[in-house]
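Here the structure is laid out as structure tokens; the discussion comes afterwards.
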Amino acid sequence: MAQNGDDIQINGITLQNATSGPKYKALADEIVAAINGGRLHEGDPLPSVKALSSQLSVSPETVFKAYSILKEQGTIQSVPSKGFYVANQIEKVFVFLDTFKAYKEVLYDALTKNLPKDIIADVNFHHYKPEIFRKLIEESMGKYSKWIIMPFEGEGVKETIDQIDPEKLLIIDWNICKPEGASVIYQDFGEELSKGLNSVLHLLKKYDEVHFLYPEYTQHPYVSVDVFKKFCEQQGICYKVETDSTQFNVQRGVAYLSVSDRMLGHFLQQCRDNKLKVGEDVGFISYNETPMKPFIDRGITVFSTDFQLLGKMAADFVVKGQHIEHCIPSKMIIRESL
């Protein structure tokens, strides 16, 4: 055992006296980091629960819970009368998404289903907060073999991402803040939308106007609004961009394009209250496919990229480690709401 300041090292394990988060999780993370960093190898013995709890000044329950988590993951194994050993060389992937939404679950599910069992994906959410973004990445440096990050436009975001080895980094969804040499799998928020709107032009013509619901709380790229305006002007369609969610009122004869599922809920409630038939009296196009939208009110028309494919391709990047730059096409899925 070696002791340096606040750090205690035992058989390659270093536990810092962190003030936030459960100690058992911090210990489990440090053991994985020691394996990924080559300080612990397959077959190496680990200290007993009693020895490690004594040397790190934590309870035996903390060490036991950390060991139990790692054993369940297959990272370590126990041999009767002999103790705990490193079972295999595992990898951990840092996955950084914006917020938890149904289509992000589709992405994450596709990612994890296509990863081998010895690769663990830790998902985190930044909620478009630059300080949270910076803090979580800086605290995680050195603990992960690959990074999958959904970026956003915020102060210091690009500089924080630049700290990551670009060969280990995959930017997803939005092609911004990408360091030179990093990989990217993204969707086009501009030209693809123009193609999608043209594909349903004959249905939009049923309505007197088309409104883009772009509420004040959305982080959706504004380029989509510019494309929408250009499309309507070229096609001679009366249009409006609604940015105040508190003033939203459904109008007969209007088709709506929305980037927010929250606004979809308001729309459906008002249609019910005012006895408006969706797909006849009013129309609706929702951004981003989710498992429930085919079944809501006879089906909601969506414009969406393929999040399942995005997740699968992200898993390929993790497993193969090959550089990739790919734009996943989006498409309009027509249902009864239009």
Side-chain angles (χ1 to χ4, degrees), residues 1-42 44-78 83-100 104-105 108-109 111-112 115-127 129 131-150 160 163-164 168 318:
M1 178 191 76
Q3 184 170 338
N4 297 304
D6 291 334
D7 294 353
I8 301 173
Q9 295 183 349
I10 301 177
N11 289 15
I13 303 170
T14 301
L15 180 62
Q16 295 183 343
N17 294 333
T19 57
S20 62
K23 287 186 178 180
Y24 69 84
K25 186 177 186 305
L27 177 55
D29 286 345
E30 289 299 333
I31 293 174
V32 171
I35 296 172
N36 285 338
R39 291 177 285 122
L40 284 173
H41 302 88
E42 185 173 348
D44 282 353
L46 294 170
S48 69
V49 170
K50 181 179 179 180
L52 193 53
S53 66
S54 174
Q55 297 298 335
L56 296 181
S57 299
V58 297
S59 69
E61 290 78 11
T62 295
V63 178
F64 182 77
K65 195 165 186 178
Y67 278 3
S68 296
I69 291 172
L70 296 175
K71 186 177 178 181
E72 184 177 346
Q73 292 175 348
T75 306
I76 67 175
Q77 60 185 1
S78 61
F84 294 91
Y85 294 82
V86 177
N88 53 37
Q89 300 294 90
I90 67 163
E91 286 188 55
K92 288 186 72 177
V93 180
F94 186 91
V95 182
F96 218 176
L97 306 181
D98 50 6
T99 57
F100 181 81
K104 305 294 173 53
E105 186 176 5
Y108 184 72
D109 183 63
L111 168 67
T112 53
L115 289 177
K117 291 184 177 180
D118 59 349
I119 299 181
I120 300 170
D122 282 348
V123 64
N124 303 269
F125 299 95
H126 54 66
H127 301 285
K129 304 293 186 183
E131 184 58 29
I132 293 176
F133 189 88
R134 180 194 62 78
K135 184 175 184 291
L136 285 178
I137 286 184
E138 290 184 352
E139 289 180 349
S140 301
M141 296 300 290
K143 297 180 180 179
Y144 294 90
S145 60
K146 295 287 193 311
W147 301 72
I148 300 174
I149 294 179
M150 188 176 288
T160 300
Q163 299 179 52
I164 302 170
K168 299 178 180 179
V318 171

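Computed from heavy atoms alone, side chains included, the values below leave out hydrogens, waters and symmetry copies.
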- prompt: When rounded to the nearest 0.5 angstrom, what distance separates OG in Ser145 from CD1 in Ile120?
  reply: 10.0 Å

message: Just verifying a value: how many Å separate Tyr24 OH and Thr62 OG1, rounded to the nearest 0.5 Å?
response: 9.5 Å

task: Decide yes or no for Ile137 and Ile149: does some side-chain heavy atom of the first lie under 4.5 Å from some side-chain heavy atom of the second?
output: yes

- prompt: Mind checking whether His126 and Asp98 have side chains closer than 4.5 Å, heavy atoms only?
  reply: yes

field: Donor-acceptor pair, side chain of Tyr67 and main chain of Ile76, under 3.5 angstrom
entry: no

message: Which label fits Trp147 and Phe94: parallel for a plane angle under 30°, tilted from 30 to 60°, or perpendicular past 60°?
response: tilted

field: Side chains of Leu40 and Leu46 in contact at under 4.5 Å (non-hydrogen atoms)
entry: yes

query: Just by distance, do the side chain of His41 and the backbone of Val86 share a donor-acceptor pair under 3.5 Å?
result: no

field: Heavy-atom side-chain proximity of Val49 to Phe84 below 4.5 angstrom
entry: yes

query: Rounded to the nearest 0.5 Å, what separation is found between the CD atom of Glu42 and the CD atom of Gln77?
result: 8.0 Å

Main-chain N/O of Phe64 paired with Ser68 side-chain donor or acceptor, under 3.5 Å: yes

field: Residues Arg134 and Glu138 bridged, charged N to O under 4.0 Å
entry: yes

- prompt: If we only count heavy atoms from C-beta on, is the Lys92 to Asp29 side-chain gap below 4.5 Å?
  reply: yes

- prompt: Should Leu111 and Val93 count as side-chain neighbours, where that means a heavy-atom distance under 4.5 Å?
  reply: no

query: Is there side-chain contact between Thr99 and Lys104, with at least one heavy-atom pair below 4.5 Å?
result: yes

